[in-house]
Trainee: 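If you scroll down you'll find the structure; I have some questions about it.
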There are 2 protein chains.
Amino acid sequence: MLTDRERETLAYIADHVANRGYAPKLREIAEHLGIRSRGTVHRYLRALQAAGHIRISRGRARGIELLHAEDPDVAPGHTLPLLGRIAAGHPIEAIPGEDEVDLSQFFVDVNRFVLRVQGESMIEDGIMDGDMVVVERRAVADDGDIVVALVDSDEATLKRLQRNADGTVTLVPANRAMTPLRYSAERVQIQGVLVAQFRAYR
Amino acid sequence: MLTDRERETLAYIADHVANRGYAPKLREIAEHLGIRSRGTVHRYLRALQAAGHIRISRGRARGIELLHAEDPDVAPGHTLPLLGRIAAGHPIEAIPGEDEVDLSQFFVDVNRFVLRVQGESMIEDGIMDGDMVVVERRAVADDGDIVVALVDSDEATLKRLQRNADGTVTLVPANRAMTPLRYSAERVQIQGVLVAQFRAYR
DNA sequence: CACAAATGTTCTCCTTTTGTTCTCATGGAG
DNA sequence: CTCCATGAGAACAAAAGGAGAACATTTGTG
């Protein structure tokens, strides 16, 4: 069983690998966790290795290999065909062997939940009033992430997170009519990170 | 067998595990129950362990393991909890009996397919370049629908359909930089109607 | 190749948090 | 009245979390 910090460490590594194709450095992990000690991070890595989640190539930079390649405990759901291009002139038809997208796999995971967006603070990023967003529960987030955050334990807002050099954070809306607001780090409590958005018409 | 509070405690633990994949801390349980004493919570846990519902890893943080493994929801289905509001101050938690959204149900149907949007013609409606859209195959559409259409059997475009009094149709982009284009009805071939849109981050 | 910087590894020390075990108090039901 | 479920909270041991020094290797660069 993993501790909170070990879990966050593993999530960050998985995220890093998924997005960039290689593992992070200890220093990057520490920075993501908001701590300064590489030694502490290394302790977490040892625990993760003991639990069978990663393998460490001793001594090597970025020598973390992700094992256990995620047992998808999400049952496969119904799929829709993904059409790359619509053939000119011909009525659209599903081509056998075409790519299929499984919406469940796409969105569902443990530690995620759905929120209905209220307001237009992120409208210039294409997130409209009334849209649904999928949020992954997480206490830490990186610069540039879109987060659900509480300020002074008040109502939750959806904003882009900007980490400033002096340790403060700025919550940046995607709406020219609204101004970015800067806070000391203690006042901002991150509840989760935006992983997807969807909307129904009709 | 169990008292009211023990039952509530067990329900909360089960919910927590189902939604996050790990057990809550005594403090979190206490907060959920509206009490302040971890000692009292611990008494409930002892009772639950004696009744065979959980196993406690002594001393460990989050060291509660659910036994009696619930039958049906072992495989987390295609649903995500829908949270209406985020409780001020408290970490987000799924409220039992909360709404659940089934993503497959939400999007999938026969006669539908997915397209990746190219270009920014509908950007002011929140449909960005690279977004995925779910389209329902249909040859006819109503005034105001967003449609996938071919003009002169040429490349497909995503536009809002406007039916004019004289029988012509206008394809209206949601982008100030682009102009609506008017065609005779024969030149416009409707391939389908937009029913949903989604987008993944990270 | 040689060297400096960066990275990973190990270690000790420390603070905070968590779980655990108590005792005491309260209030309702039988 | 007693029984019992419930809660508060003190006290303590252990776990979790973090800092940082010291060292070994790797990595990158001229």
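Chain A is the first sequence line, chain B the second, and so forth, proteins listed ahead of strands; every chain is numbered from 1.
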Trainee: Between P24(A) and D4(A), which is nearer to the 5' end of DNA chain C once each is assigned its nearest nucleotide?
Mentor: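 So the residue in question is P24(A).
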Trainee: Five pairs per end, C1' atoms only: what is the angle between the end axes of the helix from dC1(C)-dG30(D) to dG30(C)-dC1(D), to 10 degrees?
Mentor: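 Between the first-five-pair axis and the last-five-pair axis there is 30°.
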Trainee: Going through the checks in order, is the salt bridge (charged side-chain N to carboxylate O under 4.0 Å, His left out) test met by R182(A) and D166(A)?
Mentor: CA-CA 11 Å; R182(A) 188 171 190 160; D166(A) 61 359; 3.0 Å; yes
Trainee: Please find the earliest and latest nucleotides of DNA chain C, in the 5' to 3' direction, that have an atom within less than 4.0 Å of any heavy atom of chain A.
Mentor: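 Result: dT7(C) to dT10(C).
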Trainee: Return the set of residues passing side-chain contact (heavy atoms from CB on, under 4.5 Å) with N175(A) (not counting sequence neighbours), or none when no residue passes.
Mentor: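 Residues passing side-chain contact (heavy atoms from CB on, under 4.5 Å) with N175(A): E120(A), I123(A), E124(A), A177(A), M178(A).
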Trainee: Holding to side chain to side chain donor-acceptor pair (under 3.5 Å), I want the full list of residues that pass it with R160(A), two or more places apart in sequence or in another chain.
Mentor: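 Applying side chain to side chain donor-acceptor pair (under 3.5 Å) to R160(A) gives D125(A).
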Trainee: Which residues pass the side-chain contact (heavy atoms from CB on, under 4.5 Å) test with V134(B), sequence neighbours left out?
Mentor: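 side-chain contact (heavy atoms from CB on, under 4.5 Å) check on V134(B) returns L80(A), F107(B), R112(B), V114(B), V195(B), A196(B), F198(B).
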Trainee: Take G59(A) and K25(B), find for each the nucleotide of DNA chain C with the closest heavy atom, and name the residue whose nucleotide sits nearer the 5' end.
Mentor: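 First, find each residue's nearest nucleotide; the 5'-ward one identifies G59(A).
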Trainee: Mind checking what makes side chain to side chain donor-acceptor pair (under 3.5 Å) contact with R60(B), not counting sequence neighbours?
Mentor: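 So R60(B) forms no side chain to side chain donor-acceptor pair (under 3.5 Å) with any residue.
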Trainee: Sequence neighbours left out, what passes salt bridge (charged side-chain N to carboxylate O under 4.0 Å, His left out) with R46(B)? Give chain and number order.
Mentor: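 For R46(B) there are no salt bridge (charged side-chain N to carboxylate O under 4.0 Å, His left out) partners, ignoring immediate neighbours.
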Trainee: For residues E6(B) and A47(B), report the shortest heavy-atom separation together with the two atoms involved.
Mentor: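 For E6(B) versus A47(B), the nearest heavy atoms are OE2-CB, 3.3 Å.
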Trainee: Please list, by residue number, the residues of residues 27-42 of chain A whose heavy atoms come closer than 4.0 Å to an atom of DNA chain C; answer none if no residue qualifies.
Mentor: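 Going residue by residue through residues 27-42 of chain A, the ones with a heavy atom under 4.0 Å of DNA chain C turn out to be R38(A), G39(A), H42(A).
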Trainee: Does anyone know the first and last nucleotide of DNA chain D in reach of chain B, 5' to 3', at under 4.0 angstrom to a heavy atom?
Mentor: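 In short, chain B contacts DNA chain D from dA5(D) to dA16(D).
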Trainee: Go through L10(A) and L66(A) one step at a time and tell me if the side chain to side chain contact (heavy atoms under 4.5 Å, CB included) criterion holds.
Mentor: CA-CA 9 Å; L10(A) 180 59; L66(A) 215 38; 3.9 Å; yes
Trainee: Not counting sequence neighbours, which residues clear salt bridge (charged side-chain N to carboxylate O under 4.0 Å, His left out) with D131(A)? List them please.
Mentor: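 Salt bridge (charged side-chain N to carboxylate O under 4.0 Å, His left out) check on D131(A) returns R199(A).
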Trainee: Indicate every side-chain donor-acceptor pair of residues 21-36 of chain A with a distance under 3.5 Å to a residue at least two apart or in another chain.
Mentor:
| unit_1 | atom_1 | unit_2 | atom_2 | d |
| --- | --- | --- | --- | --- |
| E28(A) | OE1 | K25(A) | N | 2.8 |
| E28(A) | OE1 | R62(A) | NH1 | 3.2 |

Trainee: I'd like to check the side-chain contact (heavy atoms from CB on, under 4.5 Å) partners of S37(B); sequence neighbours left out, ordered by chain and number.
Mentor: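 In terms of side-chain contact (heavy atoms from CB on, under 4.5 Å), with neighbours along the sequence ignored, S37(B) is linked to T40(B).
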Trainee: Under 4.0 Å, counting only non-hydrogen atoms across every strand here, what does L45(A) touch: a base, just sugar-phosphate, or nothing?
Mentor: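 Contact class for L45(A): none.
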Trainee: In the structure I gave you, are the side-chain heavy atoms of I146(A) and L161(A) within less than 4.5 Å of one another anywhere?
Mentor: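 No, their side chains stay 4.5 Å or more apart.
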Trainee: Could you measure the distance from the CD1 atom of I54(A) to the CD atom of E65(A)? Nearest 0.5 Å is fine.
Mentor: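 Nearest 0.5 Å value for the CD1-CD distance: 10.0 Å.
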Trainee: Counting any heavy atom closer than 4.0 Å, what does R43(B) reach on the DNA or RNA strands: base, sugar-phosphate only, or nothing?
Mentor: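 Base: the residue R43(B), judged by heavy atoms under 4.0 Å, touches a nucleobase.
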